[in-house]
Amino acid sequence: MAASFGVAAAALALGMAELTAALIERPAAGPLPAAGAVFVDLSPAWLQDFAIRTFGAQDKLVLFLGLTVVVVAGASAIGAAAPRRPRLAIGALVGLAALAGAAALSRPGSLRVDVLPAAVGAMGGTLALLYARRTPPGNRATLGDLVRHDSPALAGGADRRALLTRGAAMLGVAVLAGGAGRAITSARQGAADGRALVLPGPADPARPLPAGADLNVPGLGPFTTPGDAFYRVDTALVIPRVPHHEWTLRVHGMVDRPAELTFADLLTRPLTERDITLTCVSNEVGGPYAGHARWLGIDLATLLREAGVQAGADQILSRSADGWTASTALETVLDGRDALLAVAMNGRPLPPVHGFPARMIVPGLYGYVSATKWVTELKLTRFTDERAYWTRRGWAEQAPIKTASRIEVPKPFAEVPAGPVTIAGTAWAQHRGIAAVELRVDGGAWWQAGLAASAGPDTWRQWRTTWQATPGQHRLEVRATDATGHTQPAERVPPHPDGATGWHSVLVTVP
Ligand SMILES: Nc1nc2c(c(=O)[nH]1)N[C@H]1C(S)=C(S)[C@@H](COP(=O)(O)O)O[C@H]1N2
Ligand SMILES: [Mo]
């Protein structure tokens with residue numbers, strides 16, 4: 001009973017904190033997002049990696065659910081202690097709020113106001129706990145009586161029904177406050193997400209996709225991944241929302257001419273459009289963290305050359321609006337490949353989750369060393385001087401995408417009819433290109449699959465073949481060879497520290 005009252009008080013505290021965060025336009029400073037962000041950053045690399053691979057895009061949801069369980073447990077304990085040890089309960093609540101406030105202040109780019117949501121939440125929670133101890137009308141208790149558990153003014157305490165009503169009322173207020181906060185934040189974000197933005201066309205358009213780049217095999221993903229189906233991997237619990245008219249990009253560090261560009265500056269430059277397939281280093285053999293899009297942006301190498309890169313610099317340390325960093329080998333960006341500071345994806349401004357208003361894209365490199373979303377800073381520096389978010393956690397500094405292939409049709413454990421069966425999938429080796437894809441069944445001889453038309457070395461390539469299925473259980477295996485002649489090795493290595501290897505296989509049954 002008292003425990004559930006504690007939960008209602010906590011809900012009220014969180015609801016008021018959320019509303020405060022929304023009103024001061026600092027949604028990431030709410031106690032849950034701030035504590036969650038600290039938890040993510042303090043988590044050991046193996047746990048982060050596990051979360052990405054196990055929960056995928058749901059990893060944030062899982063984290064918030066976990067936090068909610070912790071909050072409910074803590075609030076129950078505080079609520080249970082409140083009737084007998086009010087000072088202890090209030091002390092614990094204020095202590096937790098102080099931790100949440102400290103978490104908010106510790107975030108990159110935090111402001112002093114970020115402590116406000118936790119402070120308001122603490123006040124709300126404290127009043128709620130005291131309210132629980134308010135005595136029935138006619139019995140005048142002072143604030144001092146409320147925190148003194150042996151106060152004679154409280155003899156008898158609040159009765160059960162009164163407490164229930166108050167708890168329900170508090171939950172109601174909590175839901176209203178929290179809901180209002182959410183509504184305010186999402187309305188603001190909707191206005192800031194640039195959906196209505198009209199971008200200029202490319203000065204240097206992408207070559208049209210060759211007919212036949214997409215094999216249109218049922219069950220095989222489309223060649224170009226629609227924005228809403230594109231995989232998402234990042235550490236952001238609250239998507240950084242940077243209105244494009246407030247966004248700037250700082251180019252600094254080891255450059256002769258540091259610069260600060262606005263979004264309007266970007267759009268006055270000639271824009272380049274390219275087809276580039278993006279892949280996450282956390283992708284397991286056969287995994288889903290690869291996607292293809294047509295990107296529009298300014299040429300990154302041109303931008304850096306204008307700034308005058310100094311001798312000795314070998315790293316671009318890019319930073320996002322929420323403080324995440326990536327370190328990119330400078331020479332890859334300057335070697336003539338189509339590295340972009342992208343503003344559009346598949347003909348539309350970048351969706352908020354994919355980095356609006358601007359992100360980096362470097363063909364051939366895993367996302368964590370190249371694809372900074374919500375990018376606000378490019379610092380030219382040296383690998384020996386500074387490390388980035390994932391390289392500090394033991395991931396490789398140089399991370400070219402490894403040659404990979406996966407079977408998408410048939411699905412694992414599918415039942416397929418005897419006779420001719422289509423096997424199809426995707427292979428990639430960005431910036432080298434796919435030269436061959438081979439299949440084998442039950443460890444037998446390899447045969448060549450047919451390749452879809454190539455859209456260039458920076459994109460993935462679909463493939464298909466026909467297999468004469470015979471009754472029984474069978475293991476289908478695939479391996480690709482890239483244009484440098486390198487064939488995927490059989491050896492299975494996990495994603496850490498520079499990408500998985502091994503052949504993807506699928507078991508099927510033929511009745
Ligand atoms: N700001 C920011 N940018 C980021 C990340 C991140 O955590 N924060 N993750 C990177 C990783 S690991 C990958 S694989 C790609 C994924 O891009 P996507 O989410 O648009 O598919 O973004 C990269 N850019
Ligand atoms: Mo990634």
Side-chain angles (χ1 to χ4, degrees), residues 28 36-37 40-41 43 45 48-53 55-60 63 107-109 221 224-242 247 249 276-284 287-295 297 316-328 339-346 348-378 388-396 399-402 404 428 430 460 494-500:
V40 168
D41 287 355
S43 296
Q48 289 181 322
D49 189 43
F50 167 82
I52 289 171
R53 277 182 291 118
F55 306 119
Q58 304 309 314
D59 58 350
K60 278 120 196 136
L63 175 63
R107 301 307 300 154
T224 299
T225 316
D228 54 4
F230 208 94
Y231 82 94
R232 170 187 173 198
V233 171
D234 56 58
T235 60
L237 294 175
V238 174
I239 299 166
R241 304 278 177 158
V242 191
W247 176 90
L249 177 75
I276 299 168
T277 300
L278 197 62
T279 308
C280 181
V281 70
S282 293
N283 198 47
E284 299 269 14
Y289 303 141
H292 178 84
R294 178 165 281 189
W295 308 93
I316 306 166
L317 190 69
S318 53
R319 185 180 296 275
S320 73
D322 65 348
W324 186 85
T325 50
S327 70
T328 309
L340 298 178
L341 181 66
V343 294
M345 180 180 188
N346 295 335
R348 321 256 353 235
L350 293 175
V353 289
H354 295 296
F356 183 81
R359 74 176 302 172
M360 280 175 53
I361 294 287
V362 183
L365 300 184
Y366 283 121
Y368 81 102
V369 290
S370 69
T372 308
K373 305 190 270 189
W374 317 292
V375 63
T376 56
E377 208 184 299
L378 302 177
Y389 190 93
W390 288 113
T391 48
R392 273 201 297 272
R393 288 164 173 78
W395 292 80
I401 297 173
K402 294 181 179 175
W428 58 82
Q430 287 93 317
W460 59 15
H496 194 270
D498 64 355

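Hydrogens, waters and symmetry mates play no part in the numbers below; they use all other heavy atoms, side chains included. As the structure lists them, so they are numbered: ligands from 1, and atoms in each ligand from 1. Keep in mind that this is a model prediction, so the values were computed, not measured.
- V343 approaches A358 most closely through the heavy-atom pair CG1-CB, 4.4 Å.
- Counting heavy atoms under 4.0 Å from ligand 1, residue Y366 does not touch it at all.
- Residue-to-ligand polar distances keep D234 apart from ligand 1: every N/O pair is separated by 3.5 Å or more.
- Using a 4.0 Å cut-off between heavy atoms, Y389 makes no contact with ligand 1 at all.
- Nearest protein neighbour of atom 9 (N) of ligand 1, counting heavy atoms only, is V233 O, 3.1 Å.
- Considering T225, L278, N283 as possible partners of Y231, the one that fulfils the side-chain contact (heavy atoms from CB on, under 4.5 Å) test is L278.
- Side chain of Q48 to backbone of V40: a donor-acceptor contact under 3.5 angstrom is found.
- Each of the atoms 1 (N) of ligand 1 lies under 4.0 Å from some heavy atom of S320.
- No N or O atom of R232 sits closer than 3.5 Å to an N or O atom of ligand 1.
- Counting heavy atoms closer than 4.0 Å to ligand 1, residue C280 contributes atoms from both its backbone and its side chain.
- None of K402, Q430, H292 except one satisfies the side chain to side chain donor-acceptor pair (under 3.5 Å) rule with T279; the exception is Q430.
- Proximity of L278 to ligand 1, defined as any heavy-atom pair under 4.0 Å, is confined to the side chain (atoms from C-beta onward).
- Counted by atom type alone, D41 and Y389 present one or more donor-acceptor pairs between their side chains at under 3.5 Å.
- The F230 neighbourhood of ligand 1 comprises atoms 21 (O), with distances under 4.0 Å to a heavy atom of that residue.
- Atoms of ligand 1 found under 4.0 Å from any heavy atom of G367, numbered from 1 in the order shown, are 10 (C), 11 (C), 13 (C), 14 (S), 23 (C).
- Looking at ligand 1, you won't find any N or O of W390 less than 3.5 Å from one of its N or O atoms.
- Using a 4.0 Å cut-off between a side-chain N of Lys or Arg and a carboxylate O of Asp or Glu, K60 and D234 qualify as a salt bridge.
- The backbone and the side chain of Y231 each have at least one atom closer than 4.0 Å to an atom of ligand 1 (non-hydrogen atoms only).
- For atom 4 (C) of ligand 1, the closest heavy atom belonging to the protein is W324 CZ3, 3.5 Å.
- Between K373 and ligand 1, an N or O atom pair is found at a separation short of 3.5 Å.
- At distances below 3.5 Å, at least one donor-acceptor pair connects side-chain atoms of T328 with backbone N or O atoms of V369.
- Checking F356, W374, W324 one by one against P240, the side-chain contact (heavy atoms from CB on, under 4.5 Å) holds for a single residue, W374.
- Between the CZ atom in R241 and the CD1 atom in I239 there is a gap of 5.0 Å [rounded to 0.5 Å].
- In terms of protein heavy-atom proximity, atom 17 (O) of ligand 1 is closest to R359 NH2, 3.0 Å.
- Here is the list of ligand 1 atoms found below 4.0 Å of a heavy atom in T235: 6 (C), 7 (O).
- In terms of protein heavy-atom proximity, atom 24 (N) of ligand 1 is nearest to A371 O, 3.0 Å.
- Ligand-side atoms of ligand 1 in range of Y368: 11 (C), 12 (S), range being under 4.0 angstrom from any heavy atom.
- Checked by atom type and distance alone, the side chain of R107 never pairs as donor or acceptor with a backbone atom of D322 at under 3.5 Å.
- With hydrogens and angles disregarded, a donor-acceptor distance shorter than 3.5 Å links the side chain of W247 to the backbone of V375.
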